Amino acid sequence: MRVLVVEDDIPLATILERGLVEDGYAVDLAHRVIDARHYAESNDYDVVVLDLGLPDGNGLDLCAELRADGFAVPILMLTARDSLSDKVSGLDSGADDYLTKPFDYPELAARLRALVRRPADARSPVLEVGELKLDPASRRVWMGAIVVPFTSREFSLLEYLMIHVSEVVSRTELLEHVWDANYDGLSNVVDVHIANLRRKLAGPGGAATIETVRGAGYRLSASKEAEGERS
Ligand code: CA
């Protein structure tokens, strides 16, 4: 999952970035409206955290502008002011949710999870593909009854592939949703992580396979053996 954080308070932005990276998000930070607009137009985000007061404009206007341009990504608005009119304006401008400062990071994280998952996964937060299960809230993965450790990036990659199970997902799409703007676009970072995922998925209780679709990308499916064992 890739998140754009628009926040001019550098210490707060840094805390958010640290927490989100730890939670497995790819994070881009923007401190001004102009940078935020540029990022929103050039990258593919899963969710946006948007501060209301910014040095070169305000979050409400930016939100309204983005929505007018057809930007459909969920937006969580941050406001320092706990007034009803700010909340109403925030939601009117096209934000999906708001959070009043000061807030605790876990609350922000929980709200982002709810936004990212809405509406398709709202009823079933745990992803399942064959014997492979992934719980985004606890960030755990099971193969059968065994908990398998994954790095933060591997987890995000697997989560994205599981959301798009049986679909071909391109390398570019993975870079857009799992990595932030600082990745080295020329490196084989996706291939390396896919290789690591495959190795882990092939372990005891191996439940899913990641197939390379030549010239198109990757496809995660429940492994045939696991299906066979169950039938
Ligand atoms: Ca601010």
Side-chain angles (χ1 to χ4, degrees), residues 1-119 121-122 136-137 139 152-153 155-156 159-160 175-183 185:
M1 294 290 152
R2 185 168 181 182
V3 56
L4 172 61
V5 176
V6 188
E7 171 59 73
D8 61 314
D9 177 339
I10 308 287
L12 176 58
T14 308
I15 290 169
L16 292 183
E17 181 182 31
R18 198 174 302 151
L20 291 165
V21 166
E22 217 162 86
D23 281 351
Y25 288 92
V27 182
D28 291 329
L29 285 183
H31 306 302
R32 298 177 304 166
V33 168
I34 185 170
D35 304 318
R37 192 183 291 119
H38 171 72
Y39 270 130
E41 283 164 2
S42 30
N43 300 314
D44 211 349
Y45 292 101
D46 298 287
V47 67
V48 175
V49 177
L50 177 59
D51 184 33
L52 203 65
L54 294 163
D56 59 339
N58 85 61
L60 287 176
D61 294 339
L62 175 62
C63 183
E65 276 173 40
L66 290 172
R67 290 300 189 228
D69 289 345
F71 184 81
V73 175
I75 296 178
L76 172 70
M77 198 161 276
L78 300 180
T79 164
R81 292 160 285 180
D82 187 15
S83 83
L84 184 63
S85 66
D86 277 345
K87 291 172 185 170
V88 171
S89 318
L91 298 174
D92 278 352
S93 71
D96 298 88
D97 197 3
Y98 59 83
L99 197 53
T100 306
K101 294 181 191 174
F103 55 82
D104 292 327
Y105 175 77
E107 178 164 19
L108 177 111
R111 288 184 186 228
L112 288 187
R113 280 198 300 273
L115 286 178
V116 163
R117 222 143 272 126
R118 187 185 288 166
D121 305 325
R139 300 195 64 75
S152 184
R153 192 73 79 191
F155 182 93
S156 302
E159 181 181 25
Y160 195 83
L175 282 171
E176 281 287 336
H177 288 271
V178 181
W179 275 269
D180 59 40
N182 299 316
Y183 82 92

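Computed from a prediction, not measured in an experiment: that's the story for all the values here. Each ligand, and each atom within it, is numbered from 1 in the order the structure gives.
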side-chain contact (heavy atoms from CB on, under 4.5 Å), paired with M77, selected from L99, L52, D96: L52
Name of whichever N/O/S atom of D8 is nearest to the Ca ion (ligand 1): OD1
Result of checking M1, R2, H177 against Y45 for side-chain contact (heavy atoms from CB on, under 4.5 Å): R2
Identified side-chain contact (heavy atoms from CB on, under 4.5 Å) partner of V49 from the options L4, L115, L108: L108
N, O or S from L78 under 3.0 Å to the Ca ion (ligand 1): no
Metal proximity, D51 vs the Ca ion (ligand 1), N/O/S cut-off 3.0 Å: yes
Sole residue of D51, D9, T79 in side chain to side chain donor-acceptor pair (under 3.5 Å) with K101: D51
